[in-house]
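In what follows, a structure is listed as structure tokens, so that the remarks can point back to it.
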There are 2 protein chains.
Amino acid sequence: MPESLPPLNALKAFEAAARLGSVTLAAQELSVTHGAVSRQIRALEAHFETSLFERAGRGLVLSRHGRQLQAGVSEAFTVLRASCRALSRDIEDAPFTLACPGSLLARWLIPRLDRLHRELPALRLNVLASDGEPDPGRNDISAALAFIAPPWPSDRQVIEIAAETIGAVAAPDIAARLTGRPVEALLEETILETASRPQAWPQWGQARGVEREALTRARQAGQSFEHLYYLLEAALAGLGVAIAPRLVIEGDLKSGRLVAPWGFVETDARLCLLLARGTPRHSGEALAAWLRHELTAPA
Amino acid sequence: MPESLPPLNALKAFEAAARLGSVTLAAQELSVTHGAVSRQIRALEAHFETSLFERAGRGLVLSRHGRQLQAGVSEAFTVLRASCRALSRDIEDAPFTLACPGSLLARWLIPRLDRLHRELPALRLNVLASDGEPDPGRNDISAALAFIAPPWPSDRQVIEIAAETIGAVAAPDIAARLTGRPVEALLEETILETASRPQAWPQWGQARGVEREALTRARQAGQSFEHLYYLLEAALAGLGVAIAPRLVIEGDLKSGRLVAPWGFVETDARLCLLLARGTPRHSGEALAAWLRHELTAPA
DNA sequence: ATGGTAATGTGAGTTTTTCTCAAGTGTCAT
DNA sequence: ATGACACTTGAGAAAAACTCACATTACCAT
């Protein structure tokens, strides 16, 4: 059972003092007072029951035992410093891998990736689509972008980016029949939704005052898709009225390929960045700041 | 300026946990609770902003970064353990060098050296005569044996062995003229003393009730020697009456070569073992215990 | 010599770190 | 399910480390 190590902080003080030949200089290097270093060295001498330095008037000189100890300790500390430094560099240089729902990735993030790379080059961002679960169990993912509703998971850091707004959207030909008419007109159309967000229509409906029962019946008569991506393709193809986060379809609204006859409502969900364990906080904050800016900018 | 070392105690906990693959086992090895080790590892992960272990259900597995760190750290700790262990061994095995006043060495210690070596073989004792200063400035001396009066030096450990007793002694032919007579008979003899203990005669005289002035005059008429060793040779040669510690002349008393007509008195001085800086306390205590035993034993 | 400077050593009190205890959570095996 | 086991975590206690101020010692220039 390897034990029998001397107090390590005392060794650190000794190593510095031995290398610099001075308690005072060692104290400066370690950012403490000389008294602290002096005490640590005494503690080490007490541990070994020997004197490590000869007190030579104004300065210190290593004793025979001190020299012997320094040989091993300085070698060990050099190794330690080198490997810790190497690890820090590797961590610093590691690419930041962001998992992102496929639809958001394709429709919102990818068009902005070039600018993101230009404005945050140090991040060395990789993106990949996370279909299904928003939570990165995989080890090589630094963070995940996802719409999640409270309560947020407590086992990883969560950075809030923006509120989610959702709305009913449809291709222009369908929308033409709805614009300007009361919300109930919706019930005459084919309702499209995703299995992953069963609360989306009810939430929107409540905010817009659609009768709950009627909406449920209309949904049952409509169609459900596995992913938001397919839902949006269906809406674009004119199959019916879909419910979708504004963010994802922003481009489609602008180009006129989709229209939201009754606008958008805010939900309790938020667009969040979920940091994986061990992802540097500042990297996550940098990305979050960029995302926020990009969302509020007129662009 | 080499700095940028992670917290060393956290590294120690990490090293043990990585080597043993378990927080609990590491805690046992380090003699702390598993909670403490867990925290230290978290601190290290926070330092590097990465996760060093994958929490694999019931146990821990090193992550990629953890493995990278372990490589360097375990090497460094191996070096550290080896060199500290080597130093401890060297210190443990180092011979114990005792400085001792020449007269005490020759007349008391040397006759007992053989037994001392036999009874304390682990001490690996060397002895050398320290003429003059009782204080070992020399680096290769582990301890010094000396009669010293309070106050004792505060800058080194002092172990008290026994009270000093001194007495007036003379060769048998002189002593024959004194034995049985009052102390004042002393004043008619040649007084011998050492320059190194000018207080010896006055102390003895006061205890025995000799008039101070008369004694001072007698001393001025007598002879002073540089060392106790010469003083005793003079006494043995019948040059006069000497004052000497009982311990030093014990052998001479026993053999009848010296006689103490009025016995011995205790002084405020003590036979002490002065430990040099860095001498293991237990070595000093062992020697002191042996010396005490030898002094009180009938032998 | 004498005073100035520069270094280490140390006593007392405070701050910071680390540890323990106890409860919480998740996993595995029966 | 249930118990055993292992890691995590919050709060308070214990221990270590640090700072401050002063003491001590040696060197050096005047």
Side-chain angles (χ1 to χ4, degrees), chain A residues 3 5-47 50-63 66 135 137 151-157 276-278, chain B residues 3 5-47 51-63 66 135 137 151 153-157 276-278:
Chain A
E3 186 35 10
L5 268 173
L8 292 178
N9 288 323
L11 275 186
K12 180 163 73 174
F14 166 76
E15 193 271 344
R19 175 160 39 80
L20 300 169
S22 154
V23 168
T24 303
L25 292 181
Q28 281 172 9
E29 176 175 305
L30 301 173
S31 306
V32 294
T33 59
H34 63 252
V37 173
S38 179
R39 282 174 197 294
Q40 292 286 34
I41 292 172
R42 300 326 267 291
L44 198 59
E45 293 184 324
H47 171 88
T50 192
S51 63
L52 268 8
F53 291 98
E54 316 271 339
R55 275 65 183 177
R58 202 151 61 156
L60 296 184
V61 181
L62 281 166
S63 71
D135 194 315
W152 295 338
S154 64
D155 61 336
R156 51 191 74 243
Q157 292 190 321
R277 270 218 152 125
Chain B
E3 186 38 10
L5 268 174
L8 292 178
N9 288 323
L11 276 185
K12 180 163 71 176
F14 166 77
E15 192 270 345
R19 174 160 40 78
L20 300 169
S22 154
V23 168
T24 305
L25 293 180
Q28 280 173 9
E29 176 175 306
L30 300 173
S31 306
V32 294
T33 59
H34 56 249
V37 173
S38 180
R39 282 176 195 296
Q40 293 285 34
I41 292 172
R42 300 325 269 288
L44 198 59
E45 293 183 324
H47 171 88
S51 64
L52 268 7
F53 290 99
E54 316 271 337
R55 274 67 182 176
R58 203 150 60 155
L60 296 183
V61 181
L62 282 167
S63 71
D135 194 316
S154 63
D155 62 337
R156 49 191 76 242
Q157 292 190 320
R277 270 218 153 128

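All chains are named by letter (A, B, ...) in the order of the sequence lines, taking the proteins before the strands, and each is independently numbered beginning at 1.
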Show me the pairs that pass salt bridge (Lys or Arg N to Asp or Glu O under 4.0 Å) and involve residues 30-42 of chain A, at least two apart or across chains. A/R42-A/E45

pair B/S22-B/L60: side-chain heavy atoms closer than 4.5 Å: no

Rounded to 10°, tell me the angle between the two end axes of the helix from C/dA1-D/dT30 to C/dT30-D/dA1, each built from five pairs. 30°

Residue pairs, two or more places apart or on separate chains, that pass ring pair (Phe, Tyr, Trp, His ring centres under 6.0 Å) and touch residues 23-46 of chain A: none

Would you tabulate the side-chain donor-acceptor contacts of residues 9-17 of chain A under 3.5 Å, counting partners in other chains and residues two or more places apart, or write 'none'?
from  : atom 1 : to    : atom 2 : distance (Å)
A/E15 : OE1    : A/R19 : NH2    : 2.9
A/E15 : OE2    : A/R19 : NE     : 3.1
A/E15 : OE2    : A/R81 : NH2    : 3.1

If you compare all heavy atoms of A/A27 against all heavy atoms of A/V37, which two are closest, and at what distance to 0.1 Å? CA-CG2, 3.6 Å

Give the first and the last nucleotide of DNA chain D, reading 5' to 3', that has any atom under 4.0 Å from a heavy atom of chain B. D/dC5 to D/dA11

Smallest separation among heavy atoms of B/E54 and B/L62, with atom names: CG-O, 4.2 Å

Minimum heavy-atom separation for A/L20 to A/E29, with atom names? CD1-OE1, 3.6 Å

What verdict does the side chain to side chain contact (heavy atoms under 4.5 Å, CB included) test give for A/I41 and A/F53, after you've listed the backbone C-alpha separation in whole Å, the side-chain angles of each residue and the deciding distance to 0.1 Å? CA-CA 9 Å; A/I41 292 172; A/F53 291 98; 3.8 Å; yes

Reading nucleotides 4-20 of chain C from 5' to 3' and marking B where a protein heavy atom lies under 4.0 Å of the base, S where only the sugar-phosphate is that close, and - otherwise, the string is --SSBBBBB-----SSB

